[in-house]
Amino acid sequence: MASSSSSSLSRVVVKSSDNNLFVVNKKVASQSQLLKQCIDNMEEKGTNDVILIPLSNVTSNILTLVLEYCEKHADFADDDNNNQELKQWDHEFLKKFDYATLNSLTMAADYMVTKSLLNLCCQFIADSIKDLTVQQIRQIFDIKNDFTPQEEADIKNENAWAFR
Amino acid sequence: MEKLTWPALKSCQHQQPYEAKGSDNDQSNQLPDDLLLSIMSFFTIKEAAQTSVLSHRWNYLWRCFPFLIFKDDYPTIHSVARNNLLLPQERSDFTRMVNSVVDSHLGVAIDELTVIFDLDVSYESEIDKWLVFALSKHVKKIEFNFTPQVGRSFLWVDCYTWPIEGRLSSLGLHQNLASLTSLCLKYINVTDKDIERILLSCHGLENLCIDSASMYLQNINLPQTSLQLKRLELSCCYNLLCIDIKAPKLVSFTLHGSPITLHLRDSSSLSEVSIGNGYYEGDVVAYAYRSLSQYFPKLEHLSWHLLLASAKLVEGNRGILQPPIMSNLKHLELHVQAMGDESLLKWTYLIEESPVLQKLTLKFSKYHWCSRVQLRNIVEHKGRPLKNLKTLEHFGFLGLPIDIEFATYVVQNSIQLKNVIFTRPLMKIYRDPIKEYARDRVLEFIKTLPQEVAFKFGKAADHCCSISTSPYY
């Protein structure tokens with residue numbers, strides 16, 4: 001009797017690294033492969049209890065954002081006609097954040113295996129730093145220039161074709 | 001000057017990727033290497049190389065960059081002739097760039113090596129080196145496109161020759177082919193044996209494209225082995241005689257060139273087919289239809305690249321008179337190269353037998369050399385209603401009988417048409433009176449559209465060379 005179809009969870013509880021609890025419905029949670037895997041495993045075991053999934057790497061600030069994204073994308077999951085609208089939403093969504101938030105969001109998307117969000121963040125960051133100067137990029141990513149002036153000149157020289 | 005070495009980089013190869021020296025607090029905000037590489041994957045190779053000066057860590061990441069895509073960045077507008085006198089210098093700059101990236105690469109694997117440039121046999125040793133490099137890094141996708149520049153005459157003997165079975169056979173490289181999923185070769189000499197070995201050695205090969213291959217390629221004969229191929233494209237393989245393969249996973253098949261003996265076995269998933277003239281000046285529709293008749297009713301996407309006027313008889317290219325019922329066809333494309341007074345109305349039979357057709361694309365390229373067109377009267381064709389057609393896309397509209405007549409037919413017989421998109425040809429190649437004439441015809445045509453149809457102009461695209469009768473014209 002305990003087949004996978006006999007039990008079906010409608011909601012899960014996700015716990016952030018700072019111990020806040022989020023109740024998430026299954027369709028939304030399934031946007032994250034990590035959460036989906038947990039749900040599938042529990043359903044296979046035939047559990048009917050609400051399950052708790054702790055995410056030790058994601059703060060509640062960032063988790064809220066990931067879940068906002070998942071919710072929107074779950075709404076559109078059955079409807080491929082509104083691609084353009086969703087793309088627009090994605091762009092507006094990411095536009096609001098500073099680089100520190102974008103970095104954390106990227107890491108959370110990676111950790112929670114939300115591939116479309118990961119791609120989206122990477123592309124967004126890539127597009128927005130493309131035309132910046134070396135100094136600006138160092139500032140954004142908090143990169144310490146550990147080259148001596150001679151080393152830097154040598155590297156430029158070695159990849160001269162890219163700096164023309 | 002002594003060859004440069006980077007102590008930090010050297011150590012990186014052995015340690016885990018470059019360790020950021022900041023305190024733990026910094027670390028929370030530092031993306032790990034794999035995510036930085038994911039961000040870099042959206043960069044062109046030039047943009048990626050520019051990150052090398054940020055820090056030691058970024059220089060290391062750049063040297064692991066797995067998408068090695070080297071393209072000629074000259075604008076690809078075919079009608080603008082290039083100064084061929086500059087070619088030797090451009091080639092030397094280009095190969096130096098590729099060499100410098102390949103020589104300093106530190107990654108254990110690369111995803112892609114793409115080289116698109118007018119290179120020939122005189123760069124053989126460099127190209128061989130790149131190929132060996134890529135194969136040693138378990139490359140997944142290789143594209144070598146050595147298409148000669150417009151206006152440069154070339155001989156097949158001067159084209160690069162695929163070396164794995166010949167020059168480099170002693171290296172036993174075909175076992176390194178196993179990681180390849182996609183291979184595309186343009187203007188490269190290949191033989192029957194080369195292709196056979198590729199198909200048999202690359203167990204994961206899903207995509208194979210051979211374009212403008214030498215006179216050596218004649219037969220691809222592997223009816224016994226089940227291939228993994230999903231997409232196969234063979235274009236302008238001048239002396240190809242026969243393809244006989246078993247490809248049960250084949251989804252997309254493209255064949256542009258003269259009629260050949262064609263057997264695709266067990267390709268029950270085939271849903272996209274593109275057939276074209278390529279260099280061949282004759283009828284290709286009838287033979288393709290015969291050879292693929294069992295697959296036609298299942299196709300979802302069908303595209304024809306046809307020559308409508310030539311010295312030979314191409315009456316067959318003007319349509320199929322008794323088509324099968326195309327019960328799955330959603331998108332039909334007609335790319336035609338013609339004078340302008342021909343008619344496409346015979347294609348209406350196929351269109352009317354496609355009950356779920358949603359999109360129709362017509363790309364019209366006019367012969368450059370014929371300036372005067374007989375402006376015959378337009379024939380109005382009342383056919384069966386097109387119940388599901390929603391989009392008409394029309395590239396290269398010049399307002400000649402061939403395009404007005406076809407567009408009129410589509411508009412008058414569609415019930416659900418929602419979008420009409422017209423895209424002009426690149427007008428550079430046409431003189432002003434032609435431009436004005438075309439513009440006036442478009443304006444007249446827009447007036448005939450029912451209210452519920454949205455009309456818009458597409459972005460002018462360079463499609464004029466979609467069909468070539470010879471490598472150049």
Side-chain angles (χ1 to χ4, degrees), chain A residues 17 57-59 61-62 81 98-111 115 117-164, chain B residues 1-9 18-23 25-63 65 70 73 92-101 103-104 390:
Chain A
S17 62
N57 286 348
V58 188
T59 61
N61 285 346
I62 298 300
N81 287 329
D98 58 9
Y99 280 95
T101 313
L102 280 174
N103 281 0
S104 309
L105 192 59
T106 308
M107 285 191 271
D110 182 45
Y111 174 66
K115 211 152 186 244
L117 178 59
L118 178 62
N119 270 333
L120 187 67
C121 288
C122 289
Q123 171 139 39
F124 189 87
I125 297 175
D127 288 346
S128 52
I129 63 174
K130 248 175 206 178
D131 300 320
L132 300 184
T133 64
V134 170
Q135 275 314 326
Q136 286 168 320
I137 296 177
R138 281 191 187 131
Q139 210 167 9
I140 283 168
F141 284 110
D142 196 15
I143 300 166
K144 191 172 161 282
N145 179 10
D146 50 6
F147 288 128
T148 65
Q150 182 59 43
E151 279 179 327
E152 193 170 331
D154 288 343
I155 290 193
K156 259 199 177 162
N157 195 24
E158 204 178 330
N159 299 315
W161 58 271
F163 294 95
R164 268 198 289 271
Chain B
M1 202 173 98
E2 187 188 312
K3 185 144 173 50
L4 298 167
T5 52
W6 303 103
L9 281 173
Y18 194 81
E19 240 172 88
K21 287 179 198 125
S23 66
N25 292 345
D26 290 353
Q27 292 263 331
S28 64
N29 214 6
Q30 293 275 358
L31 290 169
D33 285 355
D34 59 333
L35 291 185
L36 287 178
L37 277 171
S38 300
I39 292 172
M40 283 170 78
S41 73
F42 291 98
F43 285 170
T44 63
I45 194 155
K46 191 171 172 180
E47 288 161 345
Q50 286 168 354
T51 64
S52 61
V53 292
L54 288 171
S55 69
H56 278 110
R57 182 185 181 206
W58 281 80
N59 188 26
Y60 169 74
L61 288 174
W62 148 243
R63 287 172 180 220
F65 190 65
F70 301 98
D73 46 16
S92 133
D93 291 346
F94 183 85
T95 46
R96 196 166 338 118
M97 164 179 75
V98 181
N99 278 333
S100 106
V101 174
D103 290 343
S104 65
K390 298 198 176 61

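Just so you know, these numbers come straight off a predicted model, no measurement behind them.
The side-chain contact (heavy atoms from CB on, under 4.5 Å) check on B:M40 picks up B:L37, B:F43, B:A48, B:T51, B:W58, B:L61, B:W62, B:F65, with sequence neighbours excluded.
Contact count against chain B (heavy-atom pairs under 4.5 Å) is highest for A:I143 among A:I143, A:V134, A:N145.
Contacts between B:T44 and chain A at a heavy-atom distance below 4.5 Å are absent for every atom of the residue. Contacts between B:Q50 and chain A at a heavy-atom distance below 4.5 Å involve backbone atoms as well as side-chain atoms.
Note: B:S100 OG to A:E158 CD = 7.0 Å, rounded to the nearest 0.5 Å.
At most 12 non-hydrogen atoms from other residues, nucleotides or ligands lie less than 6.0 angstrom from NZ of A:K115.
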Show me the donor-acceptor pairs, under 3.5 Å and distance only, between side chains in residues 121-129 of chain A and residues at least two apart or in other chains.
{"unit_1": "A:S128", "atom_1": "OG", "unit_2": "A:Y99", "atom_2": "OH", "d": "2.9"}
{"unit_1": "A:S128", "atom_1": "OG", "unit_2": "A:F124", "atom_2": "O", "d": "2.9"}
{"unit_1": "A:S128", "atom_1": "OG", "unit_2": "A:I125", "atom_2": "O", "d": "3.1"}

